Asker: 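This is the structure, below, for whatever I ask next.
Because the structure is predicted, anything quoted here is derived from the model rather than measured. Lettering follows sequence order; numbering is per chain, from 1.
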Amino acid sequence: MERIRRREFLRRAGVTAGALAASQVVPRFANPRAAYAQAQATGTLTYGMAGGFDTLDVTTTTFTRVGRIGLHIVDPLVWSTGAGQYAPGLATSWTISPDATVYTFKLREDVKFHDGTPFNAEAVKVTFDRIVDPETRAQTAFSFIGPYDRTEVVDRYTVRVRFKSGHAAFLNGASSPYLGIVSPTAVQRYGRDFGRVVFVGTGPFMLQSYRTDAEVRLIRNPNYNWGARIFKHEGLPYLQNIVYRIVPEEATRLATLETGETLFIEDVPVTDYQRLKSTRDKVLLEIPQGGSGWSLMMNQTRPPMNELPLRRAIMHAIDKDGLVRTVWNSIHRPACSPLTRVMFGFDQETCTKVPYNPDQARRLLEEAGWRTGPDGIRARGNERLRLEFYLQPTPQKNQEMAAFVQANLRQVGIDVNLNVLARAGYLDAVRQGRHHIQYWWDTGTDPGQMLRILFHSRNAGGGTNRNNYRNADMDRLIEQIEATADPARRKELIVRAQQKVIDEAVMVYLTDPPSLYAHDRSVSGVWVDWGGNYPYFYDTRIQR
Amino acid sequence: MALILTAVAAPLLTPYEPLAVNPADRLLPPSLSHLFGTDVLGRDVATRILFGARISLLTGLISVTIAILIGVPLGLVSGFYGGLADRLLMRLVDLMLTFPGILLALVIIAILGPDLFNAMLAVGISASPTYGRVVRATVLAAKSQTYVEAARATGCTNARIMLRHILPNTVAPIIVLGTLGVAGAIIAAAALSYLGLGARPPEPEWGALLSEGRNYLRVAWWMTTFPGLAIMTAVLSINLLGDGLRDALDPWLRN
């Protein structure tokens with residue numbers, strides 16, 4: 001039981017009594033809990049983040065971490081409360097046409113951006129139009145908005161979004177931070193600096209400062225009075241500041257939590273999982289992650305990766321169970337398909353389709369004409385079987401998994417050259433398609449969009465589909481999934497898509513991670529979406 | 001000596017492969033079958049250290065060779081000709097000496113890209129001014145000796161005097177300095193690899209081993225302790241060797 005000093009007790013009692021009294025007088029308009037929040041001294045939540053990112057602009061980023069921060073700065077139109085369940089956010093209500101091509105949203109009328117710009121239908125239009133503008137080079141958001149056609153401003157607070165074909169998952173997209181509404185005046189005014197220096201939305205927190213790869217500091221939005229109903233309170237957030245500190249080194253990040261330098265960390269090192277679970281003053285949050293697990297993308301535009309037998313051999317050669325047991329301390333699960341197990345439509349059958357079988361891998365390579373040379377590496381004529389694997393140095397698991405994959409592939413006679421490059425160089429290389437192999441790991445809650453990100457040809461050639469896999473049937477299948485609202489039919493299509501990409505050996509699925517967060521016991525009221533990706537601190541309090 | 005022997009004989013001394021992963025043997029503490037334990041991928045730490053010895057010793061030797069190849073001609077020319085050449089070269093050397101060696105190495109890596117050979121080059125280049133200085137000093141002393149005047153009187157060319165008459169005099173200090181330099185180069189290369197700027201995974205370079213183990217300090221102390229000890233032992237024994245060589249080669253100490 002926490003000891004409260006007498007004065008503090010009296011103060012709290014007074015506030016509660018006052019609030020109670022107020023709620024008796026004007027129960028409809030005043031919110032007693034908001035009053036309580038204002039009276040309470042609020043604190044700073046320091047958050048240990050696992051790495052840097054490209055920009056703070058949710059529209060243009062490819063990083064989940066940016067979504068984690070961005071969700072506090074922008075508000076989404078709707079909130080997702082479970083698979084296929086949505087609650088009002090900036091939109092108070094909505095209607096969807098039967099073919100899922102037209103969405104009409106009624107918007108809140110009491111919302112202002114941090115820069116004072118009023119929030120209205122025009123702001124929604126600007127945000128969405130900007131996503132599809134080729135100049136913007138949006139990636140994740142671009143995948144989320146799907147077959148977007150245009151947005152019509154029906155009246156000041158009614159907006160209609162039209163799609164070229166059905167887009168059943170648009171609400172899911174609209175609930176993600178990436179389609180959060182940004183200030184049209186700020187976008188116009190800051191141009192290229194938007195997201196790099198400033199970032200303006202309507203959210204409960206405002207960007208105070210941003211130092212690239214070091215720290216993002218948010219401060220409470222003093223005008224915030226439009227929190228979604230799904231949260232435990234209304235009005236201002238309890239916290240005064242949230243400070244995202246980038247601590248890529250995982251042992252160091254954990255140490256910051258243990259010394260109190262941070263109060264909340266993401267990506268808890270799996271090595272310390274058991275130890276942390278048994279301590280009393282820390283709380284571990286473990287949520288099976290929605291999206292796509294750790295996997296390898298194989299670039300089909302760079303020979304010899306265009307050859308199916310080679311890709312299939314690689315799938316057979318990697319010992320996922322071993323990878324889970326070693327690098328991931330048995331906390332992840334071996335991955336089966338491009339979707340993690342919690343995703344709608346996940347196909348259990350994919351787990352038995354490509355078993356670990358190095359002999360089978362060797363056979364496939366042999367049949368394709370790759371002969372083992374004196375050093376154990378295969379060659380075909382003058383062509384040595386050497387693959388360029390591009391990866392970033394952090395998190396360190398990147399390198400451990402790479403060493404594992406390299407050793408596995410060497411066993412079957414494939415030489416893997418590891419190119420460990422800092423982010424800029426890495427992105428340059430993989431966007432230009434210089435890689436044979438690169439990692440992917442993605443979080444999300446809609447299977448259709450996940451598949452689009454990974455496999456749609458519109459995302460090939462520099463986008464997120466770094467398999468550079470182009471297949472008209474697959475494109476059609478993805479579009480069908482997106483346009484199908486009927487759950488049974490939808491599931492059938494999703495299963496077919498998973499089997500297709502496994503039959504064509506497009507990617508290697510390694511492990512399905514849980515989202516692991518840990519926080520100090522003094523922190524309470526952390527909300528995390530059901531996909532496990534976005535810890536949200538609107539309801540959060542720190543009790544010393 | 002033992003160090004070099006173990007490095008050369010590494011494959012004979014251990015039944016394990018340095019790179020092959022073995023999930024069943026993950027993070028085993030030191031035991032009779034795994035003298036220094038195993039790492040997170042089930043690789044034998046002792047084996048990796050033995051194979052790492054090859055890389056680390058080679059790194060040390062090659063870096064010093066690079067340093068000598070750059071430093072000695074510089075010192076020779078600078079000391080022999082004097083004048084403008086001397087002033088220019090020595091200011092260049094001063095300039096390089098103003099940067100701490102590791103910083104200079106970092107800059108070179110930043111330009112060339114992280115890679116083991118680039119790390120050797122970086123360490124070599126950043127160590128070269130010291131050799132230039134020492135050689136210049138020796139050359140200045142030797143230049144005024146009677147035998148150099150004699151050589152000049154018999155009509156030897158400058159090049160011949162430098163290479164045949166003066167260079168041999170600089171060998172003793174260079175050997176001593178070089179031996180000590182190997183130790184320094186091993187540390188520098190390990191530091192670069194630790195930072196991820198030298199050896200690439202999965203090469204079992206000692207600094208890289210330390211770096212791999214650092215996230216497992218609380219659960220697997222052996223992943224960092226033994227590579228650390230290996231670096232310490234190697235550097236200490238090379239330094240002792242250098243001291244011994246100096247005692248043997250220095251004419252002043254011999255008396």
Side-chain angles (χ1 to χ4, degrees), chain A residues 248-255 258 267-276 317-330 334 356 358 376 389-411 415-422 425 429, chain B residues 11 16-28 37-45 47-48 51-52 106 109-119 192-205 207-221 223-224:
Chain A
E249 196 66 57
E250 54 180 30
T252 315
R253 192 166 59 250
L254 179 62
E258 293 186 314
D267 294 6
V268 174
V270 293
T271 324
D272 299 87
Y273 175 85
Q274 278 88 358
R275 192 169 57 81
L276 206 62
I318 293 171
D319 176 13
K320 298 173 193 179
D321 289 293
L323 189 63
V324 163
R325 259 179 296 144
T326 53
V327 176
W328 295 111
N329 197 14
S330 303
Y356 170 55
F389 188 167
Y390 280 82
L391 62 147
Q392 301 188 64
T394 53
Q396 206 196 1
K397 293 293 175 197
N398 271 2
Q399 301 194 36
E400 288 179 18
M401 279 198 292
F404 191 95
V405 166
Q406 189 184 40
N408 273 178
L409 293 184
R410 213 198 142 79
Q411 278 195 324
D415 185 21
V416 176
N417 183 39
L418 303 183
N419 301 274
V420 185
L421 291 182
Chain B
Y16 304 105
E17 286 273 327
L19 301 183
V21 298
N22 191 356
D25 294 344
R26 175 181 192 265
L27 292 180
L28 295 179
T38 60
D39 72 2
V40 68
L41 299 179
R43 298 174 294 197
D44 181 54
V45 173
T47 307
R48 285 173 68 72
F51 278 86
L106 283 176
I109 295 271
I111 297 168
L112 298 177
D115 174 63
L116 189 58
F117 181 73
N118 289 346
L192 287 175
S193 295
Y194 181 87
L195 296 173
L197 300 173
R200 294 191 202 184
E203 278 175 300
E205 202 272 344
L209 290 184
L210 276 182
S211 169
E212 280 170 20
R214 73 192 188 279
N215 279 333
Y216 296 91
L217 264 178
R218 288 164 189 264
V219 287
W221 53 269
M223 276 180 72
T224 38

Asker: Measure the CZ-OG1 distance between B/R214 and A/T252 for me, rounded to the nearest 0.5 Å.
Answerer: 7.5 Å
Asker: For B/V219, is it the side chain, the backbone, both or neither that has a heavy atom under 4.5 Å from a heavy atom of chain A?
Answerer: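 The answer is the side chain of B/V219.
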Asker: Which residues pass the side-chain hydrogen bond (donor to acceptor under 3.5 Å, both in side chains) test with B/Y216, not counting sequence neighbours?
Answerer: A/K397, A/E400
Asker: Hey, is CD on A/Q392 packed in by over 12 heavy atoms from elsewhere, all under 6.0 Å?
Answerer: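 Counting other residues, nucleotides and ligands, CD of A/Q392 exceeds 12 neighbours.
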Asker: My understanding is that only residues two or more places apart in sequence, or in another chain, count here; which of them pass side-chain hydrogen bond (donor to acceptor under 3.5 Å, both in side chains) with A/Q406?
Answerer: none
Asker: Where on A/N419 is there a heavy atom nearer than 4.5 Å to chain B: the side chain, the backbone, both, or neither?
Answerer: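 Answer is both: backbone and side chain atoms of A/N419 are under 4.5 Å from chain B.
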Asker: Once you round to the nearest 0.5 Å, how far does CZ of B/R218 lie from CZ of A/R275?
Answerer: 4.0 Å
Asker: Do B/P23 and A/D321 have side-chain heavy atoms sitting under 4.5 Å apart?
Answerer: no
Asker: Could you tell me the separation between the CG atom of A/N408 and the CG atom of B/L41, rounded to the nearest 0.5 Å?
Answerer: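 Output value for this atom pair is 9.5 Å.
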Asker: CG of A/D272 to CG of B/N215: how many Å apart, nearest 0.5 Å?
Answerer: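 Between atom CG of A/D272 and atom CG of B/N215 there are 8.5 Å.
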